[in-house]
Amino acid sequence: QVQLVESGGGLVQAGGSLRLSCAASGTIFSINAMGWYRQAPGKQRELVATITSGGSTDYKDSVKGRFTISRDNARNTVYLQMNSLKPEDTAVYYCAVNGVRDRLFSPPRDYWGQGTQVTVSS
């Protein structure tokens, strides 16, 4: 079993910055992709950014140039640096890890974090 612990959410004024962290713990041999999703009230959960084990990244169009995803493979941790925040970025942000193996040929599994609230005031 893998646990994801998120931190770094909070309240910030428009134009401000926040950095989210998500650390995966447990028996982990490898992780394929790590990413961040968000869900605003009354809306569906949406992909914000992902990063593969090799460092390839992908972003939602509306956050390109403002958000940066990174990961520390040695620590099984993924980060989301959010700059120039806007009120429309307000949401619960969820960490997700894809393709987690606890040994070389084990079946891959996916896990979600519990979510952290990000609120951007205008």
Side-chain angles (χ1 to χ4, degrees):
Q1 191 71 13
V2 171
Q3 295 78 41
L4 301 181
V5 178
E6 301 162 343
S7 61
L11 173 63
V12 65
Q13 289 188 333
S17 298
L18 284 173
R19 188 190 193 211
L20 305 183
S21 299
C22 172
S25 63
T27 304
I28 299 172
F29 174 78
S30 64
I31 300 175
N32 180 22
M34 306 181 82
W36 292 94
Y37 292 70
R38 68 186 183 188
Q39 187 167 18
K43 295 187 177 181
Q44 290 188 332
R45 190 172 299 188
E46 60 182 10
L47 175 66
V48 177
T50 60
I51 184 168
T52 68
S53 57
S56 297
T57 59
D58 190 26
Y59 295 92
K60 177 181 174 60
D61 283 346
S62 63
V63 308
K64 287 180 180 177
R66 300 189 297 122
F67 291 10
T68 302
I69 189 170
S70 60
R71 66 188 277 177
D72 183 337
N73 290 328
R75 297 175 184 268
N76 293 321
T77 300
V78 62
Y79 306 95
L80 186 67
Q81 178 66 43
M82 304 185 292
N83 299 329
S84 302
L85 282 161
K86 304 176 181 180
E88 51 263 44
D89 294 319
T90 295
V92 177
Y93 283 69
Y94 296 90
C95 170
V97 292
N98 166 262
V100 181
R101 299 179 187 272
D102 59 10
R103 57 190 183 278
L104 181 58
F105 295 114
S106 66
R109 297 183 179 182
D110 301 338
Y111 297 90
W112 289 88
Q114 78 285 358
T116 185
Q117 177 70 47
V118 171
T119 303
V120 184
S121 63
S122 57

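We number each residue from 1, following the sequence as shown.
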Can Leu20 be reached from Val120 by stepping across I, L, V, M, F, W or Y side chains whose heavy atoms are under 4.5 Å apart?
yes

Where do Gly99 and Pro108 come nearest, in terms of heavy atoms and distance?
CA-CB, 3.7 Å

Before you tell me yes or no, could you show the steps for Trp36 and Met82 under side-chain contact (heavy atoms from CB on, under 4.5 Å), namely the whole-Å CA-CA distance, both residues' side-chain angles and the distance that decides it to 0.1 Å?
CA-CA 12 Å; Trp36 292 94; Met82 304 185 292; over 6 Å; no

Can you check side-chain contact (heavy atoms from CB on, under 4.5 Å) on Arg38 and Val118, steps first, answer last?
CA-CA 9 Å; Arg38 68 186 183 188; Val118 171; over 6 Å; no

Which heavy atom of Gly113 sits nearest a heavy atom of Tyr94, and at what distance?
O-CD2, 3.7 Å

Could you tell me the separation between the CG atom of Asn32 and the CG atom of Asn98, rounded to the nearest 0.5 Å?
5.0 Å

May I ask whether Val63 and Val92 are part of the same hydrophobic cluster, defined by side-chain heavy atoms of I, L, V, M, F, W, Y residues being less than 4.5 angstrom apart, directly or through others?
no

Supply the atom-to-atom distance Ser25 OG to Gln3 CD, rounded to the nearest 0.5 angstrom.
4.5 Å

Taking all non-hydrogen atoms of both residues, which atom of Thr90 and which atom of Ala40 are closest, and how far apart?
O-CB, 3.7 Å

Could you go through the side-chain contact (heavy atoms from CB on, under 4.5 Å) check for Gln1 and Asp102 one step at a time?
CA-CA 9 Å; Gln1 191 71 13; Asp102 59 10; over 6 Å; no

From Met34 atom CE to Asp72 atom CG, the distance as rounded to the nearest 0.5 Å:
9.5 Å

Using the ring of each side chain (for Trp, its six-membered ring), is Phe67 parallel, tilted or perpendicular to Tyr93, with breaks at 30° and 60°?
tilted

Does Asp89 pair with Lys86 as a salt bridge, N-O distance under 4.0 Å?
no

Can you see which heavy atom on Arg45 is nearest to which on Tyr37, and at what distance?
CG-CB, 3.8 Å

Can you name the nearest heavy-atom pair linking Leu80 to Ala49, along with the distance?
CD1-CB, 4.2 Å

So, does Arg101 use its side chain to make a donor-acceptor pair with the main chain of Phe29 at under 3.5 Å?
no

For Thr68 and Tyr79, run side-chain contact (heavy atoms from CB on, under 4.5 Å): C-alpha distance rounded to whole Å, both residues' side-chain angles, the deciding distance at 0.1 Å, then the answer.
CA-CA 8 Å; Thr68 302; Tyr79 306 95; over 6 Å; no

Say whether, by atom type as modelled, one donor and one acceptor occur between the side chain of Glu6 and the main chain of Gly115 under 3.5 angstrom.
yes

Can you name the closest pair of heavy atoms from Gly35 and Ile69 and give their distance?
CA-CD1, 4.0 Å

Rounded to the nearest 0.5 Å, the OG atom of Ser17 sits from the CZ atom of Arg66 at a distance of 10.5 Å

How far does CG of Leu18 sit from OG1 of Thr119, to the nearest 0.5 angstrom?
9.5 Å

Calculate, to the nearest 0.5 Å, the distance between atoms CG and CG belonging to Leu47 and Asp58 respectively.
6.5 Å

